[in-house]
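No experiment lies behind these values; they were computed from the predicted model shown. A, B, ... follow the sequence lines: proteins, then strands. Residue 1 opens every chain.
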Number of protein chains: 2
Amino acid sequence: MDELTIGQVSERTGLSVHALRYYEREGLLVGSVSRSSGGRRRYSTFDVDWIRLCVRFRECGMPVTEIRHYAELVAAGTGNEEERLQLLRAQEARLKHELSRMTECLTVIRAKADLYAQHVTAGTAGSLWTGETPACLALEAGVQPV
Amino acid sequence: MDELTIGQVSERTGLSVHALRYYEREGLLVGSVSRSSGGRRRYSTFDVDWIRLCVRFRECGMPVTEIRHYAELVAAGTGNEEERLQLLRAQEARLKHELSRMTECLTVIRAKADLYAQHVTAGTAGSLWTGETPACLALEAGVQPV
DNA sequence: GCTTGACCTAGAGTGAACTCTAGATCGTAG
DNA sequence: CTACGATCTAGAGTTCACTCTAGGTCAAGC
């Protein structure tokens, strides 16, 4: 139970077996996965946890090359903690940036959707949608509150 | 001033001129941009606002094909507001999902970074980093609070 | 022993979203 | 009139992160 096959790890992490082999090839894992006598991969609990961390990193937009860099630092052992910290902080900063951009987008989309909802429930007779420069277009392009 | 060149629009939207032409080719703009007598694009204020909206959509992960769909609905004129609303709501839902996933990642990264920061300021003599199964590795793979 | 399904490697293919190139044209400044 | 920088089109190239293929190996059940 500390020795999972690639298929089991695929189920547990949500990555395809192809992706798991790809991650290993690309050096995203700390060292390489151990093998059975027949040459099949046997993943340890640590491996699986690490892969889950990689999935997290990827989900938040961290590029593969940077995860590899981090994995290399971890593989190198103690002594480079400052560098790991820097990497983490950099990713944290980027993520915060990204989050605020996305929140802005959400605000815009919500504003537009709410206006549409209002219009749809009010029926097509609404005066908003007639006239020379239809407010429809203003609504489309103009509503950018943030 | 209601008639900008592609270079000016590039400056104002942050998209490259290549990307602007690409967006038009791909049908992301409502109709097509008007042209000068010599065949150069002349962007109206509406065009620019619309492009900014497209940038927002792209920033929040909306695929190009879906933006095209939305643009087609807008180009088709009134009568399909429900469908536009559905598209917007779908994007809103996906965005909320994405936001919560990213917030989770941020939590994980912060937790790891804070532990590292603690270690780094405490100096390498910390007992955390010695022993048979170094806590270093536990820290790497195990810290997944969310 | 045979079948079957999960696994192996190396390497080619895919889709998305640009990005760049080549070769031509436009239009303004000198 | 000429030079030059911005623009034009069509289409090829790039990057990223996988995903798939071909041709073979391993191991459990019948």
Once the angle between the rings of B:W50 and B:Y70 is folded into 0 to 90°, is it parallel (under 30°), tilted (30 to 60°) or perpendicular (over 60°)?
parallel
Outermost contacting nts on DNA chain C, any atom under 4.0 Å from chain A heavy atoms, listed 5' then 3', are C:dA6 to C:dT9
With sequence neighbours excluded, tell me which residues meet side-chain contact (heavy atoms from CB on, under 4.5 Å) with B:E26.
B:Y22, B:L28, B:V64, B:R68
Indicate, with a heavy-atom threshold strictly under 4.0 Å, whether B:R35 touches base, sugar-phosphate, or nothing.
sugar-phosphate
Please list, in numerical order, the residues of residues 12-19 of chain B that have a heavy atom closer than 4.0 Å to any atom of DNA chain D.
none
Given atom CG of A:L20 and atom C1' of D:dT19, what is their separation to the nearest angstrom?
13 Å
Report the distance from atom CD of A:E66 to atom P of D:dC16, rounded to the nearest whole Å.
13 Å
Grab the CD-P distance between A:E24 and D:dC18 for me, whole Å please.
15 Å
Quickly work out the B:R25 CZ to D:dA12 P distance and round it to whole Å.
12 Å
Gap between atom CG of A:L95 and atom CG of B:L106 - 0.5 Å precision:
4.5 Å
Distances for protein N/O vs nucleotides 24-28 of chain D N/O pairs under 3.5 angstrom?
residue: D:dT25; atom: O2; partner: A:R40; partner atom: NH2; Å: 3.0
residue: D:dC26; atom: O4'; partner: A:R40; partner atom: NH2; Å: 3.2

Using whole Å, what does the distance between atom P of nucleotide D:dA17 and atom CD1 of A:I67 come to?
8 Å
So the side-chain hydrogen bond (donor to acceptor under 3.5 Å, both in side chains) pairs with at least one residue in residues 6-20 of chain A (sequence neighbours excluded) are A:T5-A:Q8
Pair A:Q86, A:R89: side-chain N/O donor-acceptor within cut-off below 3.5 Å:
no
Quick one: label B:R21 by what it contacts on the DNA or RNA (base, sugar-phosphate, nothing), any heavy atom closer than 4.0 Å.
base
Do B:N80 side-chain atoms and B:L73 backbone N/O form a donor-acceptor pair below 3.5 Å?
yes
Can a side-chain donor-acceptor contact be found between A:T45 and A:D2 if the only test is distance below 3.5 angstrom?
yes
Between B:R58 and B:M62 (side chain of the first, backbone of the second, donor and acceptor by atom type, cut-off under 3.5 Å), is there such a pair?
yes
Donor-acceptor pair, side chain of A:E81 and main chain of A:G79, under 3.5 angstrom:
yes
Whole Å only: how far is the CD atom of A:E26 from the C1' atom of D:dC16?
10 Å
Toward the 5' end of DNA chain C, by each residue's nearest nucleotide, B:G61 or A:I6:
A:I6
Sequence neighbours left out, what pairs pass salt bridge (Lys or Arg N to Asp or Glu O under 4.0 Å) with at least one residue falling in residues 38-48 of chain B?
B:E24-B:R41
Take atom CD1 of A:I51 and atom C1' of D:dA17, then tell me their distance rounded to the nearest Å.
16 Å
Can you check salt bridge (Lys or Arg N to Asp or Glu O under 4.0 Å) on B:E104 and B:R101, steps first, answer last?
CA-CA 5 Å; B:E104 274 183 22; B:R101 242 212 324 257; over 6 Å; no
